[in-house]
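Note on naming: letters A, B, ... go to the chains in the order of the sequence lines (proteins, then strands), and numbering restarts at 1 for each one. Any value given below was found using the heavy atoms of this structure, including those in side chains, with hydrogens, waters and symmetry copies removed. In this text the structure is predicted, and so the values were computed from the model without any measurement.
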Number of protein chains: 2
Amino acid sequence: MTQPGGLDAAELGGFFALMEVSSLLQHAVEQQLRSAGGLTNIQFKVLMSLLEAPEGQLRMTDLADSLVVSRSGLTYQAGLLEKAGLITRTPSPDDERSTTLGLTAAGRERIAAVLPGHVDVVRRLLLDPLTRDDLGALTALLSRVRDHMREAPPRSAAPRARRKAEQ
Amino acid sequence: MTQPGGLDAAELGGFFALMEVSSLLQHAVEQQLRSAGGLTNIQFKVLMSLLEAPEGQLRMTDLADSLVVSRSGLTYQAGLLEKAGLITRTPSPDDERSTTLGLTAAGRERIAAVLPGHVDVVRRLLLDPLTRDDLGALTALLSRVRDHMREAPPRSAAPRARRKAEQ
DNA sequence: TATTGTTATACTCTATAACTATA
DNA sequence: TATAGTTATAGAGTATAACAATA
């Protein structure tokens with residue numbers, strides 16, 4: 001114990017730097033998505049998830065889990081995206097209970113319209129001040145942290161699917 | 001241009017690693033603040049800002065600017081914190097228009113109650129997998145990025161105080 | 001019975017604009 | 001007139017619980 005709450009200056013510095021950088025970056029990204037394509041961050045993630053999905057399709061529950069939102073929350077967002085003509089919702093062929101989401105042509109176009117600016121923001125804010133080696137070092141460090149976080153879940157970050165079992 | 005949106009694999013990797021690490025960390029921190037002290041992230045920041053303020057006091061507008069929220073938003077949060085007995089709101093002595101916020105004893109106790117767990121989360125998730133040298137390297141890299149971000153504002157991140165002049 | 005998704009509902013947070021009171 | 005803060009209000013987003021349909 002050497003500082004306000006048990007973190008020394010170096011530790012606090014690292015923590016604050018990480019939080020400030022990510023906060024500024026996220027802010028900028030959200031602003032760009034909104035102004036360039038009228039999308040929120042989550043909506044963009046839904047579209048990108050569909051774009052990167054094996055068949056270009058995803059089930060609601062799977063997507064909700066991977067984006068860490070409630071299913072009802074995703075239903076709400078999917079409703080907006082469907083109304084905007086960017087995605088389709090159709091009953092899954094193999095399991096009639098499921099809804100399969102798919103990208104429309106308009107959805108692809110919207111991504112294409114937004115992505116360049118998105119990339120610009122990331123490059124300008126995050127990548128520009130880093131050399132190639134810097135980027136490699138940063139990624140290596142953060143990857144290590146990420147792997148560690150995944151191994152030791154944040155205590156309480158109970159996976160959605162296990163809710164039932166906890167009772 | 002080599003990948004989906006003009007970012008190559010290394011660049012994408014760095015970007016995603018940063019966003020995922022910060023997102024997981026922020027999630028965990030918010031969850032801890034809520035369960036340990038019934039505080040949201042912003043409320044915690046308000047309390048911490050007051051704790052670290054020179055006289056233990058801050059004006060509404062200054063705090064709103066530094067936390068990047070609207071003044072009405074801060075009024076709302078300050079109202080909650082005052083109702084909870086954690087802060088006081090008093091007219092500033094030098095300028096009767098201003099409201100000065102101050103921490104109550106209960107506010108200090110709340111911080112004390114929450115801070116250890118807060119630190120735990122940061123240490124467990126972020127710091128544990130890093131050596132001392134790693135932390136130094138990470139901080140150095142992120143600090144460089146942060147400084148760069150501050151110099152070249154996110155295009156649009158117009159400082160609150162200048163709103164008037166833009167019209 | 002369990003699971004998928006939707007709906008009904010309630011709540012939190014946020015911001016804009018109008019307002020007051022000081023300067 | 002300009003500024004500090006509050007209030008009224010409205011909107012976006014989220015989640016919980018109840019529900020309908022299917023497995």
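The residue Ile42(B) sits close only to the backbone: its heavy atoms come under 4.0 Å of sugar-phosphate atoms, none of a base.
Atom OG of Ser23(B) and atom CE of Met149(A) lie 9.0 Å apart (nearest 0.5 Å).
Residues from residues 80-97 of chain B that place a heavy atom under 4.0 Å from any atom of DNA chain D, listed by number: Arg89(B), Arg97(B).
Put simply, CG on Leu39(A) is 11 Å from P on dG13(D), counting in whole angstrom units. In this structure, Gln31(B) places its CD atom 15 Å from C1' of dA15(D), rounding to the nearest Å. Tyr76(B) places its OH atom 18 Å from the P atom of dG11(D), with the value rounded to the nearest Å. Distance, Arg34(A) CZ to dA15(C) P: 11 Å, rounded to whole Å. Whole-Å rounding puts the Leu33(A) CG to dG13(D) P distance at 13 Å. Rounded to a whole Å, the CD atom of Glu30(A) is 14 Å from the C1' atom of dC13(C). Computed from coordinates, the Leu74(A) CG to dT7(C) C1' distance equals 15 Å when rounded to whole Å. Atom CG of Leu67(A) is separated from atom P of dG13(D) by 15 Å (rounded to the nearest Å).
Nearest to the side-chain atoms of Met60(B) among the listed nucleotides dT16(C), dG5(D), dT14(D) stands dG5(D). Which of dA12(D), dG5(D), dA17(D) sits closest to the side chain of Ser72(A) comes down to dA17(D). Each of dT4(C), dG13(D), dA4(D) was ranked by its minimum atom distance to the side chain of Arg71(B); first place goes to dA4(D). The listed nucleotides are dA15(C), dG5(C), dT14(D); the one nearest the side chain of Ser98(A) is dG5(C). Listed nucleotides dT7(C), dG5(D), dA15(C) differ in distance to Val69(B); the shortest reach to its side chain belongs to dA15(C).
Under a 3.5 Å cut-off, the side chain of Arg110(B) and the backbone N or O of Gly37(B) do form a donor-acceptor pair.
Looking at Thr100(A) and Ser92(A), their side chains do bring a donor and an acceptor atom within 3.5 Å of each other. Looking at Ser98(A) and Arg59(A), their side chains do bring a donor and an acceptor atom within 3.5 Å of each other.
Phosphate proximity of dT6(C) to Thr75(A): present, with a side-chain N or O under 4.0 Å from OP1 or OP2. The phosphate of dT14(D) has OP1 or OP2 within less than 4.0 Å of a side-chain N or O from Gln77(A).
Between Phe15(A) and His118(B), the ring-plane angle classifies as perpendicular under the 30° and 60° cut-offs.
Two residues are said to be in side-chain contact when any heavy atoms from C-beta on lie closer than 4.5 Å; Leu24(B) and Leu125(B) fail this criterion.
Hydrophobic cluster membership differs between Tyr76(A) and Leu50(A), with clusters built from Ile, Leu, Val, Met, Phe, Trp and Tyr side chains linked at under 4.5 angstrom.
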